[in-house]
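What follows is one structure encoded as structure tokens, with my remarks underneath.
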Amino acid sequence: MIIVMKPGAPAAERAKIKANLEKQGFQINEIVGTQMAILGIIGDTSVLDINMLKVNDWVEKVMRVQEPFKRANRAFHPDDSVVDVAGVKIGGRKLQVMAGPCSVESRDQIISVAKSVKLGGATLLRGGAFKPRTSPYSFQGMGLSGLDLLLEAKKETGLPIVTEIMSTDVLDRFERDVDLIQVGARNMQNFALLKALGKTRKPILLKRGLAATVEEWIMSAEYILAGGNDNVILCERGIRTFENYTRNTLDLSAICAAKKLSHLPVIVDPSHAAGLWWMVEPLAKAAVAVGADGLLIEVHNDPENALCDGAQSLKPERFAHLMGELKGIAQIIGRDL
Ligand code: PEP
Ligand code: MN
């Protein structure tokens, strides 16, 4: 990190800043010109708050030369991380596809969808038991009984399960029974939740917030990693833009950015990005082409009557078709599916 002092800043002000940083264990390299002086801070600057350094009126600007995240940073971990979700390895050569309904609605529904997505080639089953809905009057999910049904579907198909956690109240149960714990877009910056998940050793699927920058998203992953849990998978699911034809805007460049900045696996959810079932296939193909490590796809056996997100859900036949189409793209870019 570099501090540029204003022209004519008194040496005493520089010395004050230097002493303060040295007290915190940093080494300071000073470059003093005729008009201006620069302080180079050496040490783990991820703990420093840029705004605090700007409090001194003699400071012109403060610049980071390194990202504020450390554990998630590819600079300190050049190889791709591979996260093992109950034997399914996410982040390796093989692309992994998690599929299933937005919400678990009944035993018949989840078991039927689980069987068909398995047949189509999915390697994990998704399904929401606790649903973050915009309206309090919308279906809120079946809660823990939904999780019981996911476990039945897992028993039936052998597919590990992915489901969203909304509160630390159910963390013990999730730790015991859920293979991949999803943090939804709306909770990406629920720091109490992230800290609690950092204490577990369970794989976490961290969705990008609706209006989060790539850096903020990785900083949220850093919270979980800083707690000692290395098993984090990032998920791009579209962001808010001025465009309202689609539910969100799939940010393909964020996949490239996240993979460049971080060693963590990055998967893509084209369903929530588009909000339209017919866009899911082309967006899924694009995501794989730019280097995503996997996909999250909403699939429903009866989208017209789904309790949540029917408009963006694929019918099982369309999901199977999509998986076939993806094989060709995976092959071209040297990945397996
Ligand atoms: C979901 O996966 O059903 C969901 C609510 O996703 P998001 O948090 O990305 O909106
Ligand atoms: Mn959904």
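Treat the numbers as computed from the prediction; the structure is a model and nothing was measured. Atoms within each ligand, like the ligands themselves, are counted from 1 in listed order.
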(message) For atom 2 (O) of ligand 1, what's the nearest protein heavy-atom neighbour? Residue, atom name and distance, please.
(response) Arg126 NH1, 2.7 Å
(message) Do Trp217 and Leu225 land in one hydrophobic cluster if side-chain heavy atoms of ILVMFWY residues count as linked below 4.5 Å?
(response) yes
(request) If you have a sec, work out which protein heavy atom is nearest atom 6 (O) of ligand 1 and how many Å separate them, to one decimal? (result) Lys207 NZ, 2.9 Å
(request) For the atoms OE2 of Glu298 and OD2 of Asp309, give the angle they form at the Mn ion (ligand 2), rounded to 10 degrees. (result) 120°
(message) By the definition salt bridge (Lys or Arg N to Asp or Glu O under 4.0 Å), identify the one residue from Lys207, Arg208, Arg237 that meets it with Asp269.
(response) Lys207
(message) Is there a side-chain contact (heavy atoms from CB on, under 4.5 Å) between Glu105 and Ile110? Walk through the geometry before answering.
(response) CA-CA 7 Å; Glu105 298 171 11; Ile110 192 64; over 6 Å; no
(message) Yes or no: does Cys102 have any heavy atom under 4.0 Å from an atom of ligand 1?
(response) yes
(request) Can you pull out the closest protein heavy atom to atom 3 (O) of ligand 1? Residue, atom name and distance to 0.1 Å, please. (result) Lys131 NZ, 2.8 Å
(message) So, taking the atom named CG in Leu197 and the one named CD1 in Ile204, what distance separates them when rounded to the nearest 0.5 Å?
(response) 4.0 Å
(message) Going by the closest heavy atom to atom 5 (C) of ligand 1, which one wins out of Met166, Glu164, Arg133?
(response) Glu164
(request) Would you mind finding which of Arg247, Arg237, Gln182, His272 brings a heavy atom closest to atom 10 (O) of ligand 1? (result) Arg237
(request) Could you list the residues that satisfy ring-ring contact (aromatic ring centres under 6.0 Å, His included) with His77, not counting sequence neighbours? (result) His263
(request) Measure from the Mn ion (ligand 2) to every N/O/S atom of His272 and report the name of the nearest one. (result) NE2
(request) List for me each residue that meets salt bridge (Lys or Arg N to Asp or Glu O under 4.0 Å) alongside Glu67, sequence neighbours excluded, and say none if there are none. (result) none
(request) Check whether Val88 and Leu180 end up in the same hydrophobic cluster, where Ile, Leu, Val, Met, Phe, Trp and Tyr are linked by side-chain heavy atoms less than 4.5 Å apart. (result) yes
(message) So for ligand 1, is Leu296 a polar contact partner (N or O within less than 3.5 Å, distance only)?
(response) no
(message) For the residue pair Glu13 / Asn56, report whether a side-chain donor-acceptor contact shorter than 3.5 Å exists.
(response) yes
(message) Under a 4.0 angstrom heavy-atom cut-off, which atoms of ligand 1 come close to Glu298?
(response) 3 (O)
(request) Identify the protein heavy atom lying closest to atom 8 (O) of ligand 1, giving its residue, its atom name and the separation to 0.1 Å. (result) Ala185 N, 2.7 Å
(message) Does either side chain, that of Asp108 or that of Ser106, offer a donor lying less than 3.5 Å from an acceptor on the other one?
(response) no
(message) Taking 4.0 angstrom as the limit and counting only heavy atoms of Gly184, give me the atoms of ligand 1 inside it, by number and element.
(response) 8 (O)
(request) Ignoring angles and geometry beyond distance, decide whether Asp269 reaches within less than 3.5 Å of ligand 1 through its nitrogen or oxygen atoms. (result) no
(request) Kindly confirm whether the Mn ion (ligand 2) is within less than 2.8 Å of some N/O/S atom in Cys308? (result) no
